[in-house]
Student: 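I'd like to ask you about the structure that follows.
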Amino acid sequence: MPKNNEFFDEVYQVVRLVPKGRVTTYGAIGKFLGSAKSARMVGWAMNNSHHQLPPLPAHRVVNRTGVLTGMHHFSNNNSMAELLKKEGIEVIENQIVNFKKYFWDPSENLGLQP
DNA sequence: ACCATGACGTTTC
DNA sequence: CGAAACGCCATGG
């Protein structure tokens with residue numbers, strides 16, 4: 001059983017703060033938490049996110065290339081891409097189009113929030 | 001205690 | 001420019 005460190009909670013918080021129609025990356029979250037080198041831990045935390053209530057919008061979290069690498073961890077593989085499309089994000093073959101445009105950086109938004 | 005794996009990212013060849 | 005290797009940290013066998 002994984003330890004419930006605040007690291008996990010922070011990850012979940014950031015993911016929940018991602019606005020609709022936006023996406024963030026594991027690296028960005030890790031960097032925001034101060035563990036930029038440990039992007040893997042963010043992904044690992046997300047794997048544990050299945051325990052969290054309510055279910056996290058994990059479909060808004062992708063890798064730095066904008067590929068829906070985590071879709072295999074969803075109940076239904078299509079749900080992740082479908083949810084993103086539903087929010088106005090164009091997704092083709094698990095690849096977000098104009099990913100940079102939809103990218104939402106917590107450090108820029110939470111840190112410089114007016 | 002060691003090796004292998006992972007929803008990643010950066011650097012090197 | 002594309003592929004491979006390395007680094008990071010934690011978990012499981």
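Here the structure is a predicted model, which is why all the values come from computation and not from measurement. To find a chain, count down the sequence lines: A is the first, B the second, and so on, and within it residues start at 1.
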Student: I need the full list of side-chain hydrogen bond (donor to acceptor under 3.5 Å, both in side chains) pairs touching residues 81-101 of chain A, with sequence neighbours left out, sorted by first then second residue.
Tutor: H59(A)-E87(A), R60(A)-E87(A)
Student: Could you check whether any side-chain heavy atom of V23(A) comes within less than 4.5 Å of a side-chain heavy atom of F99(A), counting everything from C-beta outward?
Tutor: yes
Student: With P as the reference atom in both, quote the distance from dC8(B) to dC1(C) in angstrom, rounded to an integer.
Tutor: 25 Å
Student: Answer whether the closest heavy-atom distance between the side chains of Y12(A) and N48(A) falls below 4.5 Å.
Tutor: yes
Student: Which part of the nucleic acid, if any, lies within reach of H50(A) when heavy atoms closer than 4.0 Å are counted: base, sugar-phosphate only, or nothing?
Tutor: base
Student: Below 4.0 Å from chain A heavy atoms, what is the first contacting nucleotide of DNA chain B and what is the last?
Tutor: dG6(B) to dT10(B)
Student: When you measure from the side chain of T24(A) to the backbone N and O of W104(A), does any donor-acceptor pair fall under 3.5 Å?
Tutor: yes
Student: Through direct or indirect side-chain contacts below 4.5 angstrom among Ile, Leu, Val, Met, Phe, Trp and Tyr, which residues connect to V67(A)?
Tutor: none
Student: Could you go step by step and tell me if W44(A) and F7(A) meet the ring pair (Phe, Tyr, Trp, His ring centres under 6.0 Å) rule?
Tutor: CA-CA 11 Å; W44(A) 185 82; F7(A) 178 79; 8.7 Å; no
Student: I need the F32(A) CZ to E10(A) CD distance, nearest 0.5 Å.
Tutor: 6.5 Å
Student: So N63(A), base contact, sugar-phosphate only, or nothing? Heavy-atom distance under 4.0 Å.
Tutor: sugar-phosphate
Student: Any non-hydrogen side-chain atom of T25(A) less than 4.5 Å from a side-chain atom of V61(A)?
Tutor: no
Student: For every nucleotide of nucleotides 4-9 of chain C, 5' to 3': is a protein heavy atom under 4.0 Å from its base (B), only from its sugar-phosphate (S), or from neither (-)?
Tutor: ---BBB
Student: Which part of the nucleic acid, if any, lies within contact of A58(A), taking any heavy atom under 4.0 Å across all strands shown: a base, the sugar-phosphate backbone alone, or nothing?
Tutor: base
Student: Heavy atoms under 4.0 Å, any strand shown: does S49(A) hit a base, just sugar-phosphate, or nothing?
Tutor: base
Student: Would you say F74(A) ends up clustered with V15(A) if hydrophobic residues are merged whenever their side chains have heavy atoms under 4.5 Å apart, either directly or through other cluster members?
Tutor: no
Student: Hey, what else clusters with L53(A) if you join Ile, Leu, Val, Met, Phe, Trp, Tyr whenever side-chain heavy atoms sit under 4.5 Å?
Tutor: none
Student: Are the side chains of F8(A) and Q52(A) in contact, using a 4.5 Å heavy-atom criterion?
Tutor: no
Student: Counting only non-hydrogen atoms, which of residues 81-99 of chain A are less than 4.0 Å from DNA chain B?
Tutor: none
Student: Which value, in whole Å, describes the distance between the C1' atoms of nucleotides dA7(B) and dG2(C)?
Tutor: 24 Å
